[in-house]
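Report on the following structure.
Proteins come first, then strands; the chains are lettered A, B, ... in the order of their sequence lines, and each starts at number 1.
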Number of protein chains: 2
Amino acid sequence: MSQSVERALGILPLLAKGPAGLGDVADELGVHKSTALRLLRTLNEGGFVYRCPDGRYRLGARLFALAAEAIENLDVREVARPHLAELNHATGHTVHLALHQDDEVVYVDKVDSRYPVRMYSRIGRPVPLTVAAVAKLLLADLPEGERRALAHRIEYPRYTARSTPDAEAFLRELDLVREQGWATDLGGHEESINCLGAPVRGPGGRVVAALSVSAPRVVVPAEGLLELLPQVLRTAGAISQDYSGVQEKETA
Amino acid sequence: MSQSVERALGILPLLAKGPAGLGDVADELGVHKSTALRLLRTLNEGGFVYRCPDGRYRLGARLFALAAEAIENLDVREVARPHLAELNHATGHTVHLALHQDDEVVYVDKVDSRYPVRMYSRIGRPVPLTVAAVAKLLLADLPEGERRALAHRIEYPRYTARSTPDAEAFLRELDLVREQGWATDLGGHEESINCLGAPVRGPGGRVVAALSVSAPRVVVPAEGLLELLPQVLRTAGAISQDYSGVQEKETA
DNA sequence: ACGACCGTTGCAGGCAACGCAACACACCCG
DNA sequence: CGGGTGTGTTGCGTTGCCTGCAACGGTCGT
């Protein structure tokens with residue numbers, strides 16, 4: 001829609017991969033060096049990119065600040081926080097909270113396991129759509145048409161032998177998840193890790209977020225994890241109730 | 001430098017504060033609605049802005065993904081990680097790692113306290129420049145001219161009675177910090193919280209990062225925290241050594 | 001049913017952003 | 001020591017992108 005803005009935004013993913021010089025950026029964008037320079041300057045003035053002492057460019061502090069600020073303003077998160085902590089306290093496992101936006105599902109909060117062996121994840125990181133329990137929960141609640149379209153649009157990487165293989169299998173899985181009201185990921189992303197998740201519902205009954213507990217097989221076998229189901233469902237229900245109740249925090 | 005990009009970037013901080021409608025954005029930017037619409041559209045196509053079902057705009061998933069990716073690529077962080085964890089394990093307190101960019105200092109990593117009362121902070125969040133121990137450490141190492149300029153450019157909010165009051169006091173404090181090789185924040189940001197920090201030095205001897213231990217007064221009094229100084233210095237030294245040694249991770 | 005409000009869509013003019021080319025600078029190698 | 005190659009930077013003319021306007025089509029309330 002807007003050429004210069006489009007180009008400027010295209011620079012950011014480039015720099016996210018690592019620092020780059022002016023020439024690299026210009027080549028990658030397919031524009032003249034002077035153009036790239038002007039774009040980088042504007043980004044720099046805004047604090048979105050940072051100029052290394054050696055002249056190369058990196059992503060700037062502003063980006064982190066923005067992401068941090070926005071994440072704090074995601075209201076579900078605040079409501080959920082204490083419940084997640086309690087679930088973590090009761091089970092000892094890693095607890096995640098995730099939201100759905102566009103074609104991505106992202107973790108917006110996390111309480112780490114007490115056990116030494118932890119799952120690798122990070123707030124803000126996109127979740128593997130086709131296998132993660134939280135992703136299934138969020139996508140299962142989409143209206144029929146959108147769900148089908150999305151299922152056929154996305155890719156199905158084979159992380160492990162238990163990963164969801166294709167769109168058909170994924171849609172069947174989503175139907176199951178929607179019906180039973182909870183979801184699992186039994187070694188679908190990493191062979192040795194199991195997850196169990198439940199949906200958080202908003203005022204209209206729609207799924208607005210999802211939470212999950214994750215544990216390595218070496219700590220708890222799959223059957224053991226499933227025994228936590230009542231507890232997980234109870235937590236999700238409690239958050240839903242809290243969230244539906246107080247609807248403050250609207251922009252004035 | 002580049003008008004449209006500048007305006008587009010200006011939208012992001014607006015949305016970070018909370019969701020906003022098209023009209024709000026246009027007013028705030030001082031442009032026509034149609035202009036704002038086009039900018040928002042480009043941001044949306046890039047995934048930086050997300051359209052709520054109710055038509056309002058929020059920051060998008062892409063931004064979080066970028067921030068997460070960039071933070072992981074900050075090489076000091078990887079080197080420091082195990083040392084921070086060890087320091088946390090030994091002391092039980094919250095440990096932070098911070099970097100300096102432009103006029104900001106940001107936390108790039110954190111290991112939470114084992115105690116129930118935790119300090120409020122978040123990765124990516126800008127640090128109060130005038131009081132935080134890590135900020136003093138990073139700014140104290142700037143070349144004389146830059147340091148003076150910055151000291152006079154920034155503001156001096158009175159968070160508490162112990163906050164640094166003005167540029168003169170701040171510069172004196174920085175001299176002291178540089179000389180002694182460590183820094184404190186004794187209730188300068190929040191009355192009840194004390195911090196103790198030390199610098200991480202790169203190959204050239206310049207300060208490239210800073211770490212700190214933070215504890216509420218109710219858990220450990222200031223004197224008790226200061227007893228940890230040898231341990232904190234040792235940790236910072238170890239990270240410096242590791243970091244100076246292996247200088248890999250350069251972009252090919 | 002009506003009005004008020006918000007988001008959206010062509011259109012035409014003006015200026016901002018583009019590419020070009022020349023410059024400044026550091027570095028390497030003969 | 002000097003030419004050559006690789007940076008990043010600046011000034012300038014032109015074009016085409018972006019802008020603001022005004023009119024249209026929704027969706028609420030009342």
Side-chain angles (χ1 to χ4, degrees), chain A residues 1-12 14-15 17-60 101-102 143 145-146 202-204 206 247 250-252, chain B residues 1-12 14-15 17-60 101-102 143 146 203-204 206 247 250-252:
Chain A
M1 198 90 248
S2 178
Q3 191 190 53
S4 57
V5 176
E6 213 165 315
R7 287 173 172 173
L9 295 181
I11 292 179
L12 299 179
L14 245 69
L15 295 185
K17 287 194 285 219
L22 174 60
D24 307 329
V25 174
D27 286 348
E28 205 83 32
L29 278 184
V31 301
H32 196 269
K33 280 187 301 180
S34 60
T35 308
L37 178 68
R38 278 185 287 256
L39 294 176
L40 281 167
R41 275 233 250 267
T42 348
L43 288 170
N44 188 22
E45 281 168 25
F48 291 86
V49 310
Y50 165 68
R51 192 99 203 257
C52 302
D54 66 357
R56 295 186 312 177
Y57 295 91
R58 297 187 137 285
L59 288 187
Q101 287 191 2
D102 291 329
E146 253 184 86
R206 301 294 308 253
Q247 193 66 338
E250 286 302 300
T251 332
Chain B
M1 202 86 246
S2 176
Q3 192 188 50
S4 57
V5 176
E6 212 165 315
R7 285 172 172 174
L9 295 180
I11 292 180
L12 299 179
L14 245 69
L15 296 184
K17 288 195 285 225
L22 174 61
D24 306 330
V25 174
D27 286 348
E28 204 82 32
L29 278 185
V31 299
H32 196 269
K33 279 187 301 180
S34 59
T35 306
L37 178 68
R38 277 184 285 258
L39 294 176
L40 280 166
R41 274 233 252 269
T42 17
L43 287 171
N44 188 21
E45 280 168 26
F48 291 86
V49 155
Y50 166 68
R51 190 101 204 257
C52 301
D54 66 358
R56 295 186 312 178
Y57 295 91
R58 295 187 138 287
L59 288 188
Q101 288 189 2
D102 291 330
E146 253 178 79
R206 303 294 309 253
Q247 193 65 333
E250 286 302 298
T251 332

Check nucleotides 20-26 of chain C against the protein and report each pair of N or O atoms closer than 3.5 Å, with its distance, or say if there are none.
| unit_1 | atom_1 | unit_2 | atom_2 | d |
| --- | --- | --- | --- | --- |
| C:dC20 | N4 | A:S34 | OG | 3.3 |

(Q) Under 4.0 Å, counting only non-hydrogen atoms across every strand here, what does A:G21 touch: a base, just sugar-phosphate, or nothing? (A) sugar-phosphate
Hits for side chain to side chain contact (heavy atoms under 4.5 Å, CB included) against A:A36, two or more places apart or cross-chain, chain-then-number order -> A:L22, A:V25, A:A26, A:V31
note: B:Q3, atom CD; C:dA17, atom C1'; distance rounded to Å ~ 10 Å
Do A:S4 and B:S4 have side-chain N/O donor and acceptor atoms under 3.5 Å apart? yes
Q: Establish, with yes or no, whether the OP1 or OP2 oxygen of C:dA17 is under 4.0 angstrom from a side-chain nitrogen or oxygen of B:S2.
A: yes
Closest non-hydrogen atoms of A:L15 and A:A20, given as atom of the first, atom of the second and distance, are CD2-CB, 4.0 Å
query: Does B:D27 reach the main-chain N or O of B:D24 with its side chain, forming a donor-acceptor pair under 3.5 Å?
result: no
Whole-Å distance, A:L39 CG to D:dG8 C1', equals 15 Å
What residues 22-30 of chain B contributes to the DNA chain D interface at heavy-atom separation below 4.0 Å is none
CE (A:M1) and CG (B:L40) are apart, to the nearest 0.5 Å, by 12.0 Å
Between CG of A:L37 and P of D:dT10 the distance, given in whole Å, is 7 Å
Of all heavy-atom pairs linking B:L39 and A:S2, the shortest is CD2-OG, 4.5 Å
Among the nucleotides D:dG8, D:dG20, C:dC18, whichever has the atom closest to the side chain of A:R51 is D:dG8
Whole-Å distance, A:R56 CZ to D:dG6 P, equals 18 Å
Here the side-chain hydrogen bond (donor to acceptor under 3.5 Å, both in side chains) pairs for residues 38-49 of chain A, sequence neighbours left out, are none
Taken to the nearest whole Å, CZ/A:R41 to P/D:dG8 is 12 Å
Rounded to whole Å, the CD-P distance (A:E6 to D:dC17) equals 11 Å
The side chain to side chain contact (heavy atoms under 4.5 Å, CB included) partners of B:R58 (sequence neighbours excluded) come to A:L74, A:D75, B:P19, B:Y50, B:C52
Among D:dT9, C:dC18, D:dT19, the one nearest any side-chain atom of A:T35 is C:dC18
Axis-to-axis angle across the helix from C:dG3-D:dC28 to C:dG30-D:dC1, five pairs each end, nearest 10 degrees, ~ 40°
Side chain to side chain contact (heavy atoms under 4.5 Å, CB included) test vs A:L59 passes for just one of A:L12, A:I11, A:L14, namely A:L12
